Amino acid sequence: METIYLSEDPITSPIDRKRCVMALGYFDGVHLGHRKVILTAKEIAMKIGAELSVMTFSPHPKEVLRNGKETVCYLMPIVEKAKIMERLGVDKLYVVKFDMTFAGMSPREFVDRYLIPLQTDHVVIGFDFNYGFRGNGDANTLKSDGMGKFQVTIVPKVKSNGQKISSTLIRSLLKSGDVHQVAPLLGDYYRTHGEVKILKRFWITPRVQVVFLPYQHYTLPGPGRYIVRVESNDQTMTGIAQVEPNEYSQLIATLDLFLQTNLQFFSQSIYVEWVMQLPIADNRSGSAYGI
């Protein structure tokens, strides 16, 4: 898969650019609702013999439109989003720089400058997708803004237990610590990537204790104790994570892990899968838990 970053500069259309089916959206977390949009586009692309493309935006529109006054809790950075897109079979991922210039474009201007020059044959969007100045463009206007240059497919709401699957819902569940409810919405456990700041070895048992700091654009679950699965240097460990605020009111996770191999194989860069929150009153050792 090729990842292409776009700014407000005009897009040129080389002669060899292939026709594509374009899935549009922010796609934070690439949850099951997002995947329905992308896989619908994939099915259409296969039928008409076109490339499968996805267009997303960075940073989050709320950060730009509210002048940085609102902190957006991302579910994952672009690099992880791209990995999932590639596994889904996307040929090209376009990442559009979202700034005030882009936000000021009319819906028609967005279509003229970003969709038509990319040789878009068909656009697939979720039912609640908005585009253009103040979000004036929506599922009802996209076809007319395209002036017959492409077809439009609108994917209806995807629900779980009667609720719309959305990034907002997933962030809310993470904040409340309900990580076990997040997995069915994402299609996998919620996963963060970060670095180890402190490493402590307990010699009586094969345990290590580390302070885990997630990289930018990952969100830690709310304060509490969690069963976690950790990947480091191709080895998998299980353990308990304690999430709590530090003196700067930032959430920090302390991981109590159980090594399968020697400490020398433990990397300073780790992935953490959040499996389940533990009861507050449960003080048993993490070694008592299996996943």
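This structure is a prediction, so every number in the text was calculated from the model and none was measured.
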Under-4.0 Å salt bridge between Lys18 and Asp91:
no

Verdict with reasoning, Ile165 to Gln163, per side-chain contact (heavy atoms from CB on, under 4.5 Å):
CA-CA 6 Å; Ile165 298 177; Gln163 286 186 293; over 6 Å; no

To the nearest 0.5 Å, what is the distance between NE2 on His31 and OG on Ser160?
11.5 Å

Student check: side-chain heavy atoms of Val230 and Thr236 closer than 4.5 Å:
no

I want to check something: taking the side chain as every heavy atom from C-beta on, are Ile154 and Leu142 in contact at a cut-off of under 4.5 Å?
no

Going through the distances and angles, do Lys200 and Val208 end up as a side-chain contact (heavy atoms from CB on, under 4.5 Å)?
CA-CA 5 Å; Lys200 182 178 180 181; Val208 293; over 6 Å; no

Less than 4.5 Å apart, side chain to side chain, heavy atoms only: is that true for Met76 and Tyr218?
yes

Could you tell me if the side chain of Gln277 sits less than 4.5 Å from the side chain of Pro221, heavy atoms only?
no

Nearest-0.5 Å distance, CD1 of residue Ile170 to CG of residue Leu75:
6.0 Å

Do Thr141 and Tyr131 touch side chain to side chain, with heavy atoms closer than 4.5 Å?
yes

Heavy atoms of Leu52 and Ala41 approach each other most closely as CD1-CB, 3.6 Å

Quick one: which of Leu32, Leu173, Val158 gives a side chain to side chain contact (heavy atoms under 4.5 Å, CB included) with Leu185?
Leu173

Tell me which pairs pass salt bridge (charged side-chain N to carboxylate O under 4.0 Å, His left out) where either residue lies in residues 141-151, with sequence neighbours left out.
Arg108-Asp145

Would you mind checking if Glu51 and Arg19 are paired as a salt bridge, meaning a charged N to carboxylate O distance below 4.0 Å?
no

Short side-chain to backbone donor-acceptor contact, Arg225 and Ile240, under 3.5 Å
no

One thing to verify: whether Lys81 and Asp28 come together as a salt bridge, which I'm taking to mean a side-chain N less than 4.0 angstrom from a carboxylate O.
no

Kindly work out whether a path of hydrophobic side-chain contacts (I/L/V/M/F/W/Y, heavy atoms less than 4.5 Å apart) joins Val37 to Met46.
no

Under the side-chain contact (heavy atoms from CB on, under 4.5 Å) rule, what do Val179 and Val275 come out as? Steps first, then yes or no, please.
CA-CA 6 Å; Val179 295; Val275 178; over 6 Å; no

Between Leu6 and Val95, does the side-chain contact (heavy atoms from CB on, under 4.5 Å) criterion hold? Intermediate values first, please.
CA-CA 6 Å; Leu6 303 175; Val95 182; over 6 Å; no

Which atom of Ala82 lies closest to which atom of Leu93, heavy atoms considered:
CB-CD2, 3.8 Å

Any chance the rings of Phe57 and Phe102 have centres within less than 6.0 Å?
yes

Under a side-chain separation threshold of 4.5 Å, the hydrophobic residues clustered together with Ile198 are Val211, Leu213, Ile252

Atom pair CD1/CD of Ile270 and Glu231 - distance to nearest 0.5 Å:
10.5 Å

Going by atom types alone, do Tyr74 and Ser167 pair a side-chain donor with an acceptor below 3.5 Å?
no

According to a 4.5 Å side-chain heavy-atom criterion applied to Ile, Leu, Val, Met, Phe, Trp and Tyr, with indirect links allowed, do Phe98 and Val79 form part of one hydrophobic cluster?
no

Thinking salt bridges, do Arg191 and Glu80 make one under a 4.0 Å N-O criterion?
no

Cluster link Met100 to Phe133, ILVMFWY, side chain under 4.5 Å
no

If you take all heavy atoms of Thr120 and Phe150, which pair is closest and at what distance?
O-CB, 3.4 Å

Is there a side-chain contact between Leu251 and Pro223 (heavy atoms, below 4.5 Å)?
yes

List the steps and the verdict of salt bridge (charged side-chain N to carboxylate O under 4.0 Å, His left out) for Lys157 and Asp128.
CA-CA 8 Å; Lys157 185 185 304 184; Asp128 55 354; over 6 Å; no

Atom pair CZ/CD of Arg207 and Gln209 - distance to nearest 0.5 Å
6.5 Å

Using a strict threshold of under 4.0 Å (side-chain N to carboxylate O), is an ion pair present between Lys197 and Glu195?
yes

Can you tell me if NZ on Lys175 sees more than 12 non-hydrogen neighbours from other groups inside 6.0 Å?
no

Keeping the roles fixed (side chain from Arg171, backbone from Cys73), state whether a donor-acceptor pair exists under 3.5 Å.
yes

Pairs where residues 213-224 contributes a residue and the test salt bridge (charged side-chain N to carboxylate O under 4.0 Å, His left out) is met, not counting sequence neighbours
none

Closest heavy-atom pair, Trp274 versus Ala253, reported as atoms and distance to 0.1 Å, is CH2-CB, 4.0 Å

Contact check, side chains of Val196 and Leu255, non-hydrogen atoms, under 4.5 Å
no

When rounded to the nearest 0.5 angstrom, what distance separates OG in Ser232 from CE in Met237?
4.5 Å

Point-to-point distance, once rounded to the nearest 0.5 Å, from NZ of Lys42 to NZ of Lys47
14.0 Å

Which atom pair, heavy atoms only, marks the closest approach of Ile44 to Val21?
CG2-CG2, 4.0 Å

Correct closest heavy-atom pair for Pro214 and Leu220 would be CG-CG, 3.8 Å

Would you check if Thr254 and Val243 make a side-chain contact, meaning some heavy-atom pair closer than 4.5 Å?
no

Are Phe27 and His34 close enough that their ring centres sit under 6.0 Å apart?
yes

Tell me whether the count of non-hydrogen atoms from other residues, nucleotides or ligands lying under 6.0 Å of CG in Asn161 goes above 12.
no

Check whether any side-chain N or O of Thr56 sits under 3.5 Å from a backbone N or O of Gly25 as a donor-acceptor pair, and report yes or no.
yes

Check this for me: Met147, atom CE, are more than 12 non-hydrogen atoms of other residues, nucleotides or ligands nearer than 6.0 Å?
yes

Are Phe127 and Met55 in one and the same hydrophobic cluster, where Ile, Leu, Val, Met, Phe, Trp and Tyr link if side-chain heavy atoms are under 4.5 Å apart?
yes

